[in-house]
Amino acid sequence: MPASQTSVELPVLDISQPLSPSSLSSISVACKEWGFFQLSNHGICPDFLKRLQFLCNHIFMLPSDDKLKAGPSSETKTYTPHFIASPFYESLRVSGPDFFASAQSSSEALLNHPNPEFSDVLQEYGSKMTDLSRRVIEIVLECLGAAADLGRKLSAEFDNCQGYFRINNYSSSREAEAESMQLDEVEGLGMHTDMSCITIVYQDEIGGLQVRSKDGKWMDINPSNGNLVVNIGDLMQAWSNGKLRSSEHRVVLRRCANRFSTAFFWCFEDEKVIFAPHEVVGEETSRLYKPFVCADYLKFRENSEKGKFEKVGYTVQHFAGIKT
Ligand SMILES: O=C(O)CCC(=O)C(=O)O
Ligand SMILES: [Fe+2]
C-alpha cells in the first residue's frame, strides 16, 4: 500500500458559540468537498474520554474466548472480533436510546456480571453524542441554505433519528503481524462510507483516519487538540440529493501501536422513506436517488455471511442511485 503524504485541513466549528456567517460558509464548503469537518468545545472533556478508554480497554484485554461471549454467534452480538473487518480491528457496539441497558447486557455477557460504572460512562457518552448530533444536524441543514423557517420544517424529518456507537480498538496480534509481514502501513479498517446521516468520531493521538478526495487521493485527517471529527453519511447524501458528500474513508496503521476510537452513528429510523424534499432538490436539478426505506439499505449493506462486517465498498449510489 503506498504511503500517503498529504493531510487535509478541515475547518473547525466551535459548537459552543453561535454560528457565524464565515464559519457557516467554511463548513458548507467542507461538507460538499470532503464530507468532513471538526468540532471544538464540544463539552466532552479529555479526562472523561480517558476514563471511557480505560474501561473499554479492560474489555478488549479479556481473552478472546471471553470476548466471543458477546461475539457474532452470541445472543447480544455486540462484539466484532479480529479478522472480520480486518486482522487489526475489534469493536464493541452500544445501541441507543438506552445506552445503559445496551452496555449492561454486553458486560453481563463478557464479564458474567453487570458493571454499572462502565454502563454509566457509556450512557453519558451516548447521551452527550445524541445532543451533539441534533445540534450538528441543525447546522448541516443551514449549510444546505435552509432559512430559519424551512430549517425547522426540514429538521422535523430528523426528529426520530436513532444513535448507536462503536468503540474501536486497533491492535496487532501475532497472527495479524504474520499476515502483514512487516509492511510499513496496513489497513486497520478498509475503505467504506458510513450508513448514517452523520457520524461523530473521536480518535486518539495515534492518527490514521484518512478521507478519499474526489480525485481518489488518500488524505490524512490528523488528530487535533481533542477535536471531534464529523462526517456526512450515506443517508444524508441521499436525503440532500447529493449536495452533501458521504466520502469514502479508512483507517491506516503505521506503527505497531494500539489505536482507540469511537464512532457515533446518527441514523434515520428503520421505517423512514428517504426521499429528498423538493426544497432541497430545487427546481433546476434532477433527482439522483430513488426513494428507499432506510432498513432496506442497511440490509443491502450487511453481508449475507453470518457475523461479517458491513459490506465495504458498497454505497447508497449502488443501491438507490438513478443512472443519468
Ligand atoms: O476509527 C476511526 O477513526 C473511524 C472509524 C470509522 O470510520 C467507522 O467506524 O465507521
Ligand atoms: Fe466510518
Side-chain angles (χ1 to χ4, degrees), residues 4 7-8 10 31 34-39 42 44 49 52-53 56-57 60 78-82 84-96 122 125-126 129 133 136 163-172 176 185-212 218-237 244-255 257-267 297-298 301-303 308-317:
S4 141
S7 61
V8 54
L10 297 173
C31 285
W34 295 105
F36 274 83
F37 63 92
Q38 302 182 72
L39 291 182
H42 42 68
I44 299 175
L49 288 163
L52 176 81
Q53 184 167 355
C56 295
N57 278 342
F60 290 125
T78 46
Y79 172 70
T80 302
H82 288 117
I84 286 187
S86 99
F88 308 97
Y89 171 93
E90 58 182 332
S91 137
L92 192 68
R93 180 188 161 122
V94 187
S95 306
L122 297 191
Y125 192 69
M129 284 291 158
S133 299
V136 168
Y164 72 92
F165 59 103
R166 282 186 191 284
I167 301 157
N168 305 319
N169 187 46
Y170 297 83
S171 60
S172 200
E185 191 175 282
V186 293
E187 245 175 24
L189 187 58
M191 175 174 93
H192 66 282
T193 58
D194 289 352
M195 298 185 284
S196 55
C197 292
I198 54 151
T199 306
I200 306 182
V201 171
Y202 161 73
Q203 62 168 336
D204 70 8
E205 58 289 347
I206 301 287
L209 179 60
Q210 295 186 325
V211 57
R212 197 158 174 252
W218 285 112
M219 309 284 283
D220 289 328
I221 298 178
N222 292 327
S224 142
N225 300 325
N227 291 342
L228 295 171
V229 174
V230 177
N231 65 283
I232 303 291
D234 287 351
L235 301 178
M236 185 62 100
Q237 176 171 298
L244 304 172
R245 177 169 177 230
S246 171
S247 304
E248 284 147 334
H249 55 283
R250 67 175 184 181
V251 175
V252 295
L253 306 171
R254 295 198 180 103
R255 282 157 284 147
N258 252 65
R259 177 179 186 273
F260 179 85
S261 73
T262 63
F264 185 88
F265 304 96
W266 188 241
C267 307
Y297 178 52
L298 307 189
R301 283 283 296 266
E302 275 165 18
N303 263 324
K308 283 267 175 166
F309 210 64
E310 289 102 14
K311 249 184 224 163
V312 162
Y314 284 83
T315 69
V316 72
Q317 192 59 40

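As the structure lists them, so they are numbered: ligands from 1, and atoms in each ligand from 1. All figures in this text were calculated on a predicted structure; none of them were measured in a lab.
Taking every non-hydrogen atom of Val251 and a distance limit under 4.0 Å, the qualifying atoms of ligand 1 come out as 1 (O), 2 (C), 3 (O), 4 (C). Those atoms of ligand 1 that come under 4.0 Å of a heavy atom in Phe265, given as number and element, are 8 (C), 9 (O), 10 (O).
Remark: distances from the non-hydrogen atoms of Arg166 to ligand 1 are all 4.0 Å or more.
Looking at ligand 1, you'll find an N or O of Ser261 within less than 3.5 Å of one of its N or O atoms. The shortest N/O to N/O separation between Tyr89 and ligand 1 does not fall below 3.5 Å. Ligand 1 has an N or O atom lying under 3.5 Å from an N or O atom of Asp194, backbone or side chain.
Residue Thr199 does not touch ligand 1, judged by heavy-atom distances below 4.0 Å. The proximity of Val229 to ligand 1, defined as any non-hydrogen pair under 4.0 Å, does not occur for either the backbone or the side chain.
Remark: among candidates Arg250, Arg259, Met195, the nearest residue to atom 3 (O) of ligand 1 is Arg259, based on non-hydrogen atoms.
Residue His249 forms a side chain to side chain contact (heavy atoms under 4.5 Å, CB included) with just one option from Val229, Ile221, Leu209, Val201, and that option is Leu209.
Remark: the backbone N or O of Asn258 is not paired with any side-chain donor or acceptor of Ser171 at under 3.5 angstrom. Here the side chain of His42 pairs no donor or acceptor atom with the backbone of Met129 at under 3.5 angstrom. Side-chain atoms of Arg259 never come within 3.5 Å of backbone atoms of Asp204 as a donor-acceptor pair (strictly under, hydrogens ignored). Using a distance-only test at 3.5 Å, with no hydrogens or angles considered, a donor-acceptor pair links the side chain of Tyr297 to the main chain of Val316.
Summary: OD1 is the N/O/S atom of Asp194 found nearest to the Fe ion (ligand 2).
Asn168 and Ser261 are linked by a side-chain donor-acceptor pair at a separation below 3.5 angstrom, with hydrogens and angles left out of the test.
To the nearest 10 degrees, the angle centred on the Fe ion (ligand 2) between NE2 in His249 and NE2 in His192 reads 90°.
Side-chain atoms of Pro223 and Gln203, non-hydrogen and from C-beta on, do get closer than 4.5 Å to each other.
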